[in-house]
Amino acid sequence: RLFRFVCSMAAYNEEAVYYLHDEDGGLRQLQFATPELDIHYAGTDSQEEVEAIAIIGFRAHDRLVNSGYDEGTMTIVSNTRWRGPGDASDSGRWLYRNGHFTLVRYEVDASYDGAVNPETVLDYETPP
């Protein structure tokens, strides 16, 4: 069984924690791998054009933002708006397999340009 509890809400984001109960591990709070990003802009301001986005490591988070579970695909998805219009954001997809949720896709829109145009920085869903 999967449990989701909303912890906080703000203007355009809400945070939730997830707990999983199974016969092997009992009840446990889930942690989610999330890429640590190094974002380079054309200048010194984040309002300028994005030149590069690199993954420089991973962190474990116990909360996801604007998240939900899809029973059909057995995935949890999350989409964090960096500001209200949603033109700058990140989103992830974690797939349930072998008793754990594994990060399989991560997209980032680091441009504050008024358009929603995410770039995939991690993809273990799509075959080569």
Side-chain angles (χ1 to χ4, degrees):
R1 293 186 185 263
L2 181 66
F3 301 92
R4 178 181 179 270
F5 298 98
V6 175
C7 297
S8 65
M9 297 175 100
Y12 43 85
N13 286 320
E14 73 172 24
E15 289 186 318
V17 295
Y18 286 82
Y19 285 84
L20 182 68
H21 183 273
D22 60 23
E23 293 183 18
D24 295 332
L27 182 66
R28 63 187 186 276
Q29 184 177 357
L30 298 179
Q31 301 290 314
F32 298 92
T34 305
E36 182 178 356
L37 303 172
D38 184 20
I39 302 169
H40 291 271
Y41 294 92
T44 58
D45 187 356
S46 64
Q47 302 295 314
E48 298 188 42
E49 183 179 339
V50 176
E51 289 187 334
I53 301 173
I55 296 174
I56 58 173
F58 289 85
R59 295 181 180 167
H61 291 276
D62 64 351
R63 296 179 181 203
L64 293 178
V65 178
N66 302 329
S67 63
Y69 177 68
D70 182 332
E71 189 173 349
T73 60
M74 297 181 69
T75 58
I76 293 176
V77 294
S78 172
N79 183 300
T80 304
R81 289 181 170 195
W82 297 0
R83 67 179 189 172
D87 61 338
S89 64
D90 60 65
S91 61
R93 181 184 315 270
W94 292 263
L95 173 66
Y96 184 75
R97 61 180 172 208
N98 301 321
H100 302 280
F101 281 92
T102 302
L103 179 66
V104 294
R105 186 172 187 86
Y106 205 80
E107 297 178 334
V108 177
D109 182 351
S111 61
Y112 294 82
D113 60 1
V116 177
N117 46 4
E119 176 182 330
T120 301
V121 296
L122 181 141
D123 183 359
Y124 296 123
E125 282 185 315
T126 307

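FYI, side chains are in, hydrogens and waters are out, and symmetry mates aren't considered; it's all heavy atoms of this structure.
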Test applied, ring pair (Phe, Tyr, Trp, His ring centres under 6.0 Å); reference residue, F101; option that passes from W94, Y19, Y96: Y96
Contact summary for Y41 and E51, nearest pair of heavy atoms: O-OE1, 3.7 Å
CD (E36) with more than 12 external heavy atoms under 6.0 Å: yes
Under 3.5 Å side-chain donor-acceptor pair for S67 and Y18: yes
Taking every non-hydrogen atom, the tightest pair across D70 and G72: OD1-N, 2.8 Å
Smallest separation among heavy atoms of D62 and Q31, with atom names: CB-NE2, 3.3 Å
Which atom of S111 lies closest to which atom of V50, heavy atoms considered: N-CG2, 3.7 Å
Heavy-atom donor-acceptor pair, D38 side chain to A54 backbone, under 3.5 Å: no
Side chain D109, main chain N117, donor-acceptor under 3.5 Å: yes
Minimal non-hydrogen separation, Y124 against L103, with atom names: CD1-O, 3.9 Å
Hydrophobic cluster (4.5 angstrom, side-chain heavy atoms) - remaining members for M9: V6
Closest contact, heavy atoms only, A110 versus W82: CA-CZ3, 3.7 Å
Side chain E48, main chain G43, donor-acceptor under 3.5 Å: yes
